[in-house]
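So the structure is just underneath, and the comments pick up after that.
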Amino acid sequence: MSAPTAVLYDVPGPKARARNGALGVVAVIVVAALLAFVVVRLIATGQFEGRVWEWILYENIQLALLEGLLNTLRAFAVGAVLALAFGAVFALGRLSDHAWVRGLSTAVVEFFRAVPLVVLMFIFYFGMPSVGVTVSTFTAVVVALTLYNGSVLAEIFRSGVQAVPRGQSEAAYALGMRKSAVMRFVLLPQAVRSMLPTIVSQLVVLLKDSALGFLILYPELLYQARVLGSSGQLGRPLLPVAFVVALAYITLCLLLTALAGYLERRTRRVAPAPAVVDEGA
Amino acid sequence: MNVLLDNLGEFGSRFLGTVELFVLSAVASLVLGTVLAAMRVSPVPAMRVAATGYVTLLRNTPLTLVFFFFAFGFPLLEIADLSFFTLAVVSLSLYTAAFVCETVRAGITTVPPGQAEAARALGLGFGQSLTLIVLPQAIRAVVPPLTSVQIALLKNTTVAAGFSVVEAGGIYQVLSERGYSTLVGLLWVALGFVVLITPLTLLQRSLERRWSASSGGAVKAGAR
């Protein structure tokens, strides 16, 4: 944060320090006031009363939430594996030497990137039964996640392969490798390594998108939260449950993001070959 | 074809709802996101922390959960009686602003440091350097990825369908009530989105091509 942005202002002198201090105090007051207002409203409407937090002690509710979490993770895991496979296949298709393969793959990838994920899920869950195919919510969620994120991943893979310096593939061809060998042994390993952080961030997106399953009533975390939150017996603890669920999502995403950051640092540690001109800068 | 023609009014009003949601949230998220980006590079530590916290929180929360809080949670607080449409605009804007902030901030770092140093040497303060020197130059690096962010926003408007806002994604309910094929209807909706998004994508590609040759380097943007 310091190096690129500190260039925007001088080292503060006594006057600027006083001004920045004052602005800092104002900022703290504004943020604190906003938070305080929300907390006051939460207290005033009884969201912090013991009764609406009681559910957290019940074992079957803990199990229900855990099951929701597992369903979320299940959709994420299956969706991630399938999306990676889909992405790999269509990235290769877009890089193919045959124009019709390239055209077809481009059309598929561009279509699924343009259609909203929610509409894809609706098509599979609400649309398919009208042609006689009944699809479970899990399948609808996973297929939609695969098609959308797979298309985005295909673009990521493709740009990764294209970013590998030309000399690499030329050298491989000069050694007598065939097209598939060049791809498998030379281009893909380098592309995957350079794109790994981007791939993981796309997986974070996939995890977040799995929450859209809520809209077609896939029993994932958010759905369980809705069911729990509207239960009259427990005093309709909608907000308390939502807070807990939000915490779970944020933790999961931060863990994945931390993984992305770790991978990025690790790839950066490996110095690029000295002969390669860095085009990124 | 009948599904589309017989329900043209319904499709029309719903896509109008989508466009309304998109335009309002796009403007709000661009303004809020730019302000947040300015906060993140400002000399005031408290502002930096606040903006960073906001961005981290919102970027790691599913949009559906943000909607959940505003559509179901907000009315419980009894602060104001807002329509689902307003709440949807608020959710979309707050969520997208975090991504706009990251993109603008990344764009700011692509401006050569010499520019800001020269501005400081001329005696310009932080606000002046940022608004007169750095941001205008950052626009070139920022607009293509910002277009991606806004395309994502356009697609995200469909999440509002789950929270009873009139927009294109929710059309299946009307169609199945009227006895039309929901599959065909939803495929038309998908096509409608392709039609809405294609000009934006083409604009983004041409801007990228035109500007990438001379500018420092493109900013990577998340798809969502």
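Here the structure is a predicted model, which means the values were calculated and not measured. Residue numbers start from 1 in every chain, and the chains themselves are labelled A, B, ... in the order their sequence lines are given, proteins ahead of strands.
At a 4.5 Å heavy-atom cutoff, Arg19(A) makes no contact with chain B through either its backbone or its side chain. Residue Ala225(A) touches chain B through both its backbone and its side chain, counting heavy-atom pairs closer than 4.5 Å. For Ala114(A), the parts lying under 4.5 angstrom from a heavy atom of chain B are both the backbone and the side chain. Residue contact with chain B, scored on non-hydrogen atoms closer than 4.5 Å, involves the backbone and the side chain of Phe243(A) alike. Contact annotation for Thr56(B): only side-chain heavy atoms (C-beta onward) come within less than 4.5 Å of a heavy atom of chain A. Within the 4.5 angstrom heavy-atom criterion, atoms from both the backbone and the side chain of Pro43(B) approach chain A. In this structure, the portion of Thr257(A) lying under 4.5 Å from any heavy atom of chain B is its side chain and not its backbone. Residue Ala119(B) does not touch chain A at all, counting heavy-atom pairs closer than 4.5 Å.
The distance between the ring centers of Tyr223(A) and Phe68(B) does not fall below 6.0 angstrom.
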Please determine whether side-chain contact (heavy atoms from CB on, under 4.5 Å) holds for the pair Leu76(B) and Thr45(A), giving the CA-CA distance in whole Å, both sets of side-chain angles, and the decisive distance to 0.1 Å.
CA-CA 7 Å; Leu76(B) 293 181; Thr45(A) 51; 5.7 Å; no
For Leu183(B) and Met128(A), run side-chain contact (heavy atoms from CB on, under 4.5 Å): C-alpha distance rounded to whole Å, both residues' side-chain angles, the deciding distance at 0.1 Å, then the answer.
CA-CA 6 Å; Leu183(B) 179 63; Met128(A) 289 314 252; 4.1 Å; yes
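Here CG of Leu239(A) is found 6.5 Å from CZ of Phe69(B). Values are rounded to the nearest 0.5 Å. With rounding to the nearest 0.5 Å, the separation of CG in Leu254(A) from CZ in Arg59(B) is 10.0 Å. For the atom pair CG of Leu187(B) and CD1 of Ile123(A), the computed distance is 4.5 Å after rounding to the nearest 0.5 Å. Between Arg113(A) atom CZ and Ile197(B) atom CD1 the span is 10.0 Å, to the nearest 0.5 Å. One finds the CG atom of Leu65(B) at 11.5 Å from the CG atom of Leu212(A) (value rounded to the nearest 0.5 Å). Atoms CZ and CG, from Arg120(B) and Leu8(A) in turn, are 8.5 Å apart once rounded to the nearest 0.5 Å.
In this structure, Phe163(B) and Phe214(A) have tilted ring planes: the angle between them lies in the 30° to 60° band.
Between Leu117(A) and Asn156(B), the closest side-chain pair of non-hydrogen atoms is not below 4.5 Å. You'll find the side chain of Leu130(B) stays beyond 4.5 Å of the side chain of Tyr9(A), heavy atoms only. In this structure, the side chains of Val115(A) and Phe193(B) stay at 4.5 Å or more apart for every pair of heavy atoms. Under the 4.5 Å side-chain criterion, counting only non-hydrogen atoms from C-beta, Val194(B) is in contact with Phe111(A).
Most heavy-atom pairs under 4.5 Å with chain A: of the set Gly192(B), Gly125(B), Gly73(B), this distinction falls to Gly73(B). Heavy-atom pairs under 4.5 Å with chain B peak, among Gly24(A), Ala211(A), Ala27(A), Pro12(A), at Ala211(A). When the candidates Ser129(B), Ala46(B), Gly185(B), Ala190(B) are compared by the number of heavy-atom contacts under 4.5 Å with chain A, Ala190(B) comes out ahead. Your options are Arg41(A), Glu155(A), Gln47(A), Glu110(A), and the one with the most heavy-atom pairs under 4.5 Å with chain B is Arg41(A).
Lys155(B) places no side-chain N or O within donor-acceptor distance of the main-chain N or O of Val119(A), the cut-off being under 3.5 Å.
Tested against Val118(A), the residues Thr158(B), Thr64(B), Val189(B) include a single side chain to side chain contact (heavy atoms under 4.5 Å, CB included) partner, Thr158(B).
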